[in-house]
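The structure appears below as structure tokens.
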Amino acid sequence: MSDFKLQTPAGDSVIRIGVDVLSELKRYVDKKHPDSKVAVVTDANVGELYREQISAKLPGAMTLAIQPGEGSKRLESVKQLTENLLEAGLTRTDIIVGMGGGMITDLAGFVASVYMRGVKFISIPTSLLGMVDASIGGKTGVNLVAKNSLGTIYPAELILIDPNFLDTLPARDLKTGMAEVVKYALTLDASLLNDLSKTELDYVTIIEKSVGAKVAIVSQDVMETDVRKALNFGHTFGHAIEAHSGYNLTHGEAISIGMILANQVARKLERQTADVMPKTKELLERFGLPSEIPKGIKVEELAPLMMNDKKMSGNKLTFIIVPEIGKFETVEMGVEELIDLAA
Ligand SMILES: NC(=O)c1ccc[n+]([C@@H]2O[C@H](COP(=O)([O-])OP(=O)(O)OC[C@H]3O[C@@H](n4cnc5c(N)ncnc54)[C@H](O)[C@@H]3O)[C@@H](O)[C@H]2O)c1
Ligand SMILES: [Zn+2]
């Protein structure tokens, strides 16, 4: 087991990466919160695969399974879970565990933050995206009209990451998480390039380095007023592309294209070394992610979608570029200007 500690004004998290995390969870609860009941919130896919393990390792825990998919990250699920938790008698001193992909850890974290004004929350991410990104840093939420329009900052007190869960993760979901790892390699930790070029990927190391990069950033800026914006590399265009595709592209596929466009902008501004673009493309291709702008996407059509970006302040947004591999810079720019540079 390797440990990280994430300290923020919103609360602290211990992040533990290792195997057999359900036994680890049992040990932790028995030691720290022996009188607390545990409610595991999961989705039906993960529930189906791991129900037996959950009940064998956490006897006495209740398991609530939500329908899989982003469509379940909504207020109706908050209502349903709250009703179920009330019926089961979960009290203020009990624990909610979110076990699943980012949809579940966002939803369960949101419920934990508002149920009885906040109960203990533990996260067990089971998708790569969840392990390297969604479960770390305290952002919780549901979608209402817009993505993540309702949410809280409520760091899990414990995050348990077991790379073995990836064995059952569908290939397209694995790829989407890989796009975030490529983002960390390009913006924050160039040493990941070496790990990503190995024939046999060492997921433990890849996850450790990605978590380390995110922890380093979030511990400085949990509210995303400053350095946390670095994590938006590829996301300004990416979110617009995701919406433009009617969500037929996954988040990872969309941000891959977003990273290419961000590199195009940096190159036009003459603020990027020549090796960044070919390296980005090589990595994306290696993981079966798009490395070209699809023919169906006209960059100009992204403008209205980018105007909706939560990150806009006035008519400018903070755009992240990679001047050289492993580094990031911010540029303040209007959407039109950005579109001109990317096209
Ligand atoms: N809070 C944050 O900081 C943050 C950051 C990034 C993304 N997110 C959120 O994360 C969500 C996307 O996360 P995601 O890509 O994990 O999606 P997801 O939770 O929908 O999971 C993707 C699919 O994989 C399945 N799955 C998960 N783990 C599995 C396993 N081990 N074996 C088999 N199937 C498994 C799920 O059932 C689902 O069908 C979005 O809602 C996004 O907004 C949050
Ligand atoms: Zn992302």
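For the numbers below, each heavy atom of this structure counts, side chains included, while hydrogens, waters and symmetry mates do not. One-based numbering, in listed order, for ligands and for the atoms of each. Bear in mind that the values here come from a model prediction, so they are computed numbers and not experimental data.
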query: Would you say D133 has an N, O or S atom lying under 2.8 Å from the Zn ion (ligand 2)?
result: no
task: Would you kindly specify which portion of D173 sits under 4.0 Å from ligand 1, judged on non-hydrogen atoms: side chain, backbone, both or neither?
output: side chain
query: Which of the atoms in ligand 1, numbered in the order shown and given with their element, are less than 4.0 Å from a heavy-atom of V46?
result: 26 (N), 27 (C), 28 (N), 29 (C), 35 (C)
- prompt: When you look for heavy atoms under 4.0 Å from ligand 1, do you find them on the side chain of P170, its backbone, both, or neither?
  reply: side chain
- prompt: Taking only heavy atoms of N45, which atoms of ligand 1 are found under 4.0 Å from at least one of them?
  reply: 36 (C), 37 (O), 39 (O)
field: Under 4.0 Å to a heavy atom of F165 - the qualifying atoms of ligand 1, by number
entry: 30 (C), 31 (N)
statement: ligand 1 to L49, heavy atom cutoff 4.0 Å, flagged ligand atoms 32 (N), 33 (C)
message: Side chain, backbone, both or neither: which applies to T140 and ligand 1 if a contact is any heavy-atom pair less than 4.0 Å apart?
response: neither
- line: Logged contact type for L166 with ligand 1, heavy-atom cut-off 4.0 Å, is neither
message: Under 4.0 Å from a heavy atom of K214: which atoms of ligand 1 are those, numbered in the order shown and with their elements?
response: 3 (O)
task: Of the side chain and backbone of H251, name the one, both, or neither that has a heavy atom under 4.0 Å from an atom of ligand 1.
output: neither
message: Does only the side chain of L129 get under 4.0 Å from ligand 1, or the backbone, or both, or neither? Count heavy atoms.
response: side chain
- prompt: Which of the atoms of ligand 1 are close to K147, meaning less than 4.0 Å from one of its heavy atoms?
  reply: 40 (C), 41 (O), 42 (C), 43 (O)
- request: With the Zn ion (ligand 2) at the centre, find the angle made by OE2 from E180 and NE2 from H251, to 10°.
  value: 100°
query: Which part of K73 is near ligand 1, with near meaning a heavy atom under 4.0 Å away: side chain, backbone, both or neither?
result: side chain
Ligand 1 versus L169: contacting region, heavy-atom distance under 4.0 Å: both
message: Less than 6.0 angstrom separating the ring centers of F110 and F121, yes or no?
response: no
For ligand 1, the portion of T250 having any non-hydrogen atom under 4.0 Å away: neither
